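For reference, the structure is listed below as structure tokens.
Since the model is a prediction, treat every value here as computed from it, not as a measurement.
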Amino acid sequence: MAHVVAPLDQPSNYKDSQARIDRLKQVDILSKSTTLYIGNLSFYTTEEQIYELFTKCASPEDGGGIKRIIMGLDRNTRTPCGFCFVEYYTHAEALACMRYISGSKLDERVIRCDLDLGYKEGRQFGRGKSGGQVRDEHRQDYDPGRGGWGAQAQRMEIERRREAEERYADVQEGPGAVATGGGDWKEAENNVVEVKLKRPRSLDDEGDNMRMGHRTRLDEDFDGERM
């Protein structure tokens, strides 16, 4: 079965593009490495949470334990961006993490562990154009644990909103900005006022008119008799 099931403590084929060493030298370094690269972390996972989880594979009684944890940071904002380095005192502890912790969940995310060539200053910063990790630069899905949409998708949305705001500003400030029919509301308002000023005819008005008409006819008849 050994040739069927891949060992869980074997490093991946990833090669750091900034490490100027050949493949054989890389294999030799990884065979003794005490440093792990931890990926797919939530931006909100703390160093304390990582320490609590990875001490489960530490062996202080054998002179081991966690030497340090280096949180991965956005190059521009200096905030966590989803990865870290965990450095142990022994190689056996690093291998134990790959066997028992890689593939487990932390903050509801499946994290992955990989042997690393060793931390150097500057590697804690993301290498994406926006300052974070490259994988988040091109990501098209919405991941609330990794800052929402990917960096490119966010830039496209910002650009779309900016263009929409510019078009709206041109309509409001450009020549002929007043929409046709803009004075209709004034005409409608005048009509309402005129209607309000005209009192509707009532039964009293009808009675007054009938009385006035009867009086006029009586006057005419009286004048005719006098003549």
Side-chain angles (χ1 to χ4, degrees), residues 2 5-139 143 145-147:
V5 180
L8 298 177
D9 55 5
Q10 291 298 309
S12 68
N13 293 323
Y14 171 78
K15 185 178 186 302
D16 186 358
S17 59
Q18 296 184 1
R20 293 177 174 81
I21 57 175
D22 58 34
R23 178 64 67 176
L24 291 177
K25 181 66 174 176
Q26 176 176 316
V27 171
D28 181 60
I29 294 175
L30 292 178
S31 67
K32 305 171 185 176
S33 176
T34 61
T35 304
L36 289 168
Y37 172 90
I38 315 302
N40 200 38
L41 292 173
S42 167
F43 287 4
Y44 306 103
T45 298
T46 64
E47 184 175 336
E48 289 75 15
Q49 289 175 283
I50 295 169
Y51 183 86
E52 181 180 358
L53 177 61
F54 283 85
T55 50
K56 297 182 183 302
C57 290
S59 303
E61 64 278 2
D62 296 330
I66 294 179
K67 185 177 181 179
R68 61 176 175 170
I69 297 174
I70 302 99
M71 299 296 292
L73 303 176
D74 186 290
R75 187 174 62 254
N76 300 325
T77 63
R78 297 301 195 265
T79 56
C81 64
F83 72 98
C84 74
F85 297 94
V86 176
E87 187 174 343
Y88 285 96
Y89 282 101
T90 68
H91 178 64
E93 292 171 310
L95 293 180
C97 283
M98 293 184 64
R99 293 191 194 103
Y100 305 119
I101 295 181
S102 185
S104 62
K105 279 190 175 183
L106 179 59
D107 267 353
E108 300 301 318
R109 301 184 67 84
V110 178
I111 62 174
R112 58 180 183 274
C113 308
D114 195 13
L115 285 175
D116 190 78
L117 295 175
Y119 172 77
K120 292 182 180 180
E121 186 62 33
R123 290 193 64 198
Q124 74 270 37
F125 300 122
R127 298 177 182 177
K129 292 182 180 180
S130 300
Q133 288 192 274
V134 175
R135 59 168 293 199
D136 289 315
E137 192 75 26
H138 306 284
R139 182 168 48 78
D143 189 341
R146 306 274 301 187

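Counted by atom type alone, Ser33 and Thr35 present zero donor-acceptor pairs between their side chains at under 3.5 Å. Using modelled atom types and a 3.5 Å distance limit, the side chains of Thr34 and Glu93 yield no donor-acceptor pair.
A heavy-atom distance below 4.5 Å is not found between the side chains of Leu8 and Tyr100. At least one side-chain heavy atom of Gln18 sits under 4.5 Å from a side-chain heavy atom of Arg127. In this structure the side chain of Cys97 reaches within 4.5 angstrom of the side chain of Phe54, judged on heavy atoms. A heavy-atom distance below 4.5 Å is found between the side chains of Leu41 and Leu106. Annotation: side chain of Ile111 is in contact with side chain of Ile101 (closest heavy-atom distance under 4.5 Å). With contacts defined as side-chain heavy-atom distances shorter than 4.5 Å, the pair Leu115/Leu95 qualifies.
Applying the side-chain contact (heavy atoms from CB on, under 4.5 Å) criterion to Asp107, with sequence neighbours excluded, gives Ser42, Thr45, Gln49. Remark: Glu87 engages Lys67, Arg68 in a salt bridge (charged side-chain N to carboxylate O under 4.0 Å, His left out) (not counting sequence neighbours). Annotation: side-chain contact (heavy atoms from CB on, under 4.5 Å) contacts of Ile21 (sequence neighbours excluded): Ala19, Lys25, Gln26, Ile29, Leu117. Residues satisfying the ring pair (Phe, Tyr, Trp, His ring centres under 6.0 Å) test with Phe43, not counting sequence neighbours, are none. Scored by the side chain to side chain donor-acceptor pair (under 3.5 Å) test, Tyr89 finds no partners at all (sequence neighbours excluded). Under the salt bridge (charged side-chain N to carboxylate O under 4.0 Å, His left out) criterion, Arg135 pairs with no residue at all, not counting sequence neighbours. Listed by chain and number, the residues in a salt bridge (charged side-chain N to carboxylate O under 4.0 Å, His left out) with Asp136 are Arg139, Arg146 (sequence neighbours excluded). For Val27, the side-chain contact (heavy atoms from CB on, under 4.5 Å) partners are Arg23, not counting sequence neighbours.
Between Thr46 and Met71 the shortest heavy-atom distance is C-CE, 4.5 Å. Across all their heavy atoms, Ile66 and Ile69 have their closest contact at CG2-CG1, 4.0 Å. Shown here for Leu30 and His91, the closest heavy-atom pair between the two residues is O-CE1, 3.4 Å. Closest heavy-atom contact between Leu73 and Pro80: CD2-N, 4.0 Å. Of all non-hydrogen atoms in Gln124 and Gly122, the two that sit nearest each other are OE1-N, 2.8 Å.
Residue pairs meeting the side chain to side chain donor-acceptor pair (under 3.5 Å) criterion with at least one member in residues 50-59, sequence neighbours excluded, do not occur. Applying the salt bridge (Lys or Arg N to Asp or Glu O under 4.0 Å) definition to pairs two or more places apart or across chains, those involving residues 108-118 are Arg109-Asp143, Asp116-Arg123. For residues 112-133, the ring pair (Phe, Tyr, Trp, His ring centres under 6.0 Å) pairs, not counting sequence neighbours, are Phe85-Tyr119. Residue pairs satisfying the salt bridge (Lys or Arg N to Asp or Glu O under 4.0 Å) criterion with at least one member in residues 34-51, sequence neighbours excluded, are absent.
Under the 3.5 Å distance criterion, the side-chain polar atoms of Ser130 are left unmatched by any main-chain donor or acceptor of Gly132.
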- Query: For Ile50 and Cys84, what are the C-alpha separation, side-chain angles and deciding distance, and is it a side chain to side chain contact (heavy atoms under 4.5 Å, CB included)?
  - Reply: CA-CA 9 Å; Ile50 295 169; Cys84 74; 3.7 Å; yes

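Within a 6.0 Å radius of CG in Asp22, other residues, nucleotides and ligands contribute more than 12 heavy atoms.
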